[in-house]
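First comes the structure, then the notes that go with it.
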Amino acid sequence: MTTPIGPVILFDDDHHMYVLQDRAFAEAWWEMPDEYVCGFDALARPLRDALARPLRMTGEPHQVALELTGGEPAEADLRRLVADHYQRFLKGQAPPGASDLSAFVAGLPVEGSSRRRTRPAPANQEASPQ
């Protein structure tokens, strides 16, 4: 199977995590291809771009293409990157603690959903979605 299973979890060059409902949404939503660092589908399978480069995304803004690398699931890498995102950007919040991968992924905040968490606001400012 070459189609990623949603949601897809993408990381940008600043180590921010984006959980997007599915491949089509991610390909339309992702703005700048050169800001993509790595990503996974819901089964922790690494993603690649249409040119088979595992850590790059190409295309025009909002017109990118994602595919699976064909590599083995990388659950430990996904969990490490998620934990890093929480440590850097969501201080005081913990990543999902589920040992089951599907429960772990289901506990991640999906862009545009009511489960989306917000980044703590600097003093004198309102919180804004990531």
Side-chain angles (χ1 to χ4, degrees):
M1 175 183 282
T2 60
T3 303
I5 304 293
V8 295
I9 303 101
L10 304 178
F11 295 88
D12 71 12
D13 54 358
D14 291 323
H15 306 282
H16 282 272
M17 173 184 71
Y18 302 88
V19 183
L20 305 166
Q21 63 191 15
D22 58 29
R23 175 187 177 180
F25 183 82
E27 290 177 343
W29 186 88
W30 197 265
E31 187 172 336
M32 296 305 297
D34 61 343
E35 293 177 350
Y36 170 81
V37 174
C38 66
F40 304 86
D41 77 348
L43 302 177
R45 297 179 297 182
L47 299 173
R48 66 177 180 194
D49 68 14
L51 299 176
R53 295 177 298 200
L55 298 179
R56 296 291 300 162
M57 180 188 292
T58 61
E60 297 299 317
H62 302 288
Q63 297 178 359
V64 299
L66 293 173
E67 297 176 359
L68 295 170
T69 63
E72 294 296 314
E75 183 176 347
D77 292 338
L78 172 60
R79 288 178 181 270
R80 179 183 50 76
L81 289 165
V82 168
D84 183 59
H85 170 80
Y86 273 78
Q87 182 180 15
R88 289 174 185 243
F89 304 110
L90 299 174
K91 295 184 187 312
Q93 297 182 41
S99 59
D100 176 69
L101 178 61
S102 62
F104 176 80
V105 170
L108 295 174
V110 177
E111 291 291 330
S113 79
S114 60
R115 294 187 305 153
R116 183 73 184 146
R117 297 185 184 145
T118 57
R119 194 180 303 165
N124 300 324
Q125 292 184 3
E126 294 183 27
S128 63
Q130 297 192 69

Would you name the heavy atoms of [X] and [Y] that are closest together and state the gap between them?
{"X": "Leu68", "Y": "Thr3", "result": "CD1-O, 3.9 Å"}
{"X": "Leu101", "Y": "Ala44", "result": "CD2-CB, 3.8 Å"}
{"X": "Gln93", "Y": "Tyr86", "result": "O-CD2, 3.7 Å"}
{"X": "Pro95", "Y": "Ala83", "result": "CG-CA, 4.2 Å"}
{"X": "Phe104", "Y": "Arg79", "result": "CD1-NH1, 3.3 Å"}
{"X": "Glu111", "Y": "Leu20", "result": "CG-CD2, 3.3 Å"}

task = Using the test salt bridge (Lys or Arg N to Asp or Glu O under 4.0 Å), find all partners of Asp84 that sit at least two apart in sequence or belong to another chain.
result =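 For Asp84 the salt bridge (Lys or Arg N to Asp or Glu O under 4.0 Å) partners, ignoring immediate neighbours, are Arg88.
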
query = Would you say the side chain of Pro7 lies within less than 4.5 Å of the side chain of Leu108, judging by non-hydrogen atoms?
reply =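 No. Closest side-chain heavy atoms not under 4.5 Å.
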
query = Is there a side-chain contact between Phe40 and Asp77, using heavy atoms and a 4.5 Å cut-off?
reply =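 Yes - at least one pair of side-chain heavy atoms lies under 4.5 Å apart.
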
Interatomic distance, His16 atom NE2 to Leu90 atom CG [nearest 0.5 angstrom] =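 These two atoms lie 9.5 Å from each other.
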
query = Going from NE2 on His15 to CZ on Phe89, what distance comes out if it is rounded to the nearest 0.5 angstrom?
reply =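 Interatomic distance, His15 NE2 to Phe89 CZ, rounded to 0.5 Å: 7.5 Å.
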
inquiry  = With salt bridge (charged side-chain N to carboxylate O under 4.0 Å, His left out) as the rule and sequence neighbours excluded, what pairs involving residues 2-26 come up?
reply    =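 Sorted pair list: Arg23-Glu27.
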
key: Ring centers of Phe11, His85 separated by less than 6.0 Å   =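 No: the rings miss the under 6.0 Å criterion.
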
By side-chain hydrogen bond (donor to acceptor under 3.5 Å, both in side chains) - contacts of Gln21 (at least two apart) =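 Listed in chain order: nothing, the list is empty.
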
message = Students often mix this up, so state it plainly: with edges at 30° and 60°, are the rings of Tyr18 and Trp30 parallel, tilted or perpendicular?
response =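 Aromatic pair Tyr18/Trp30 classed perpendicular.
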
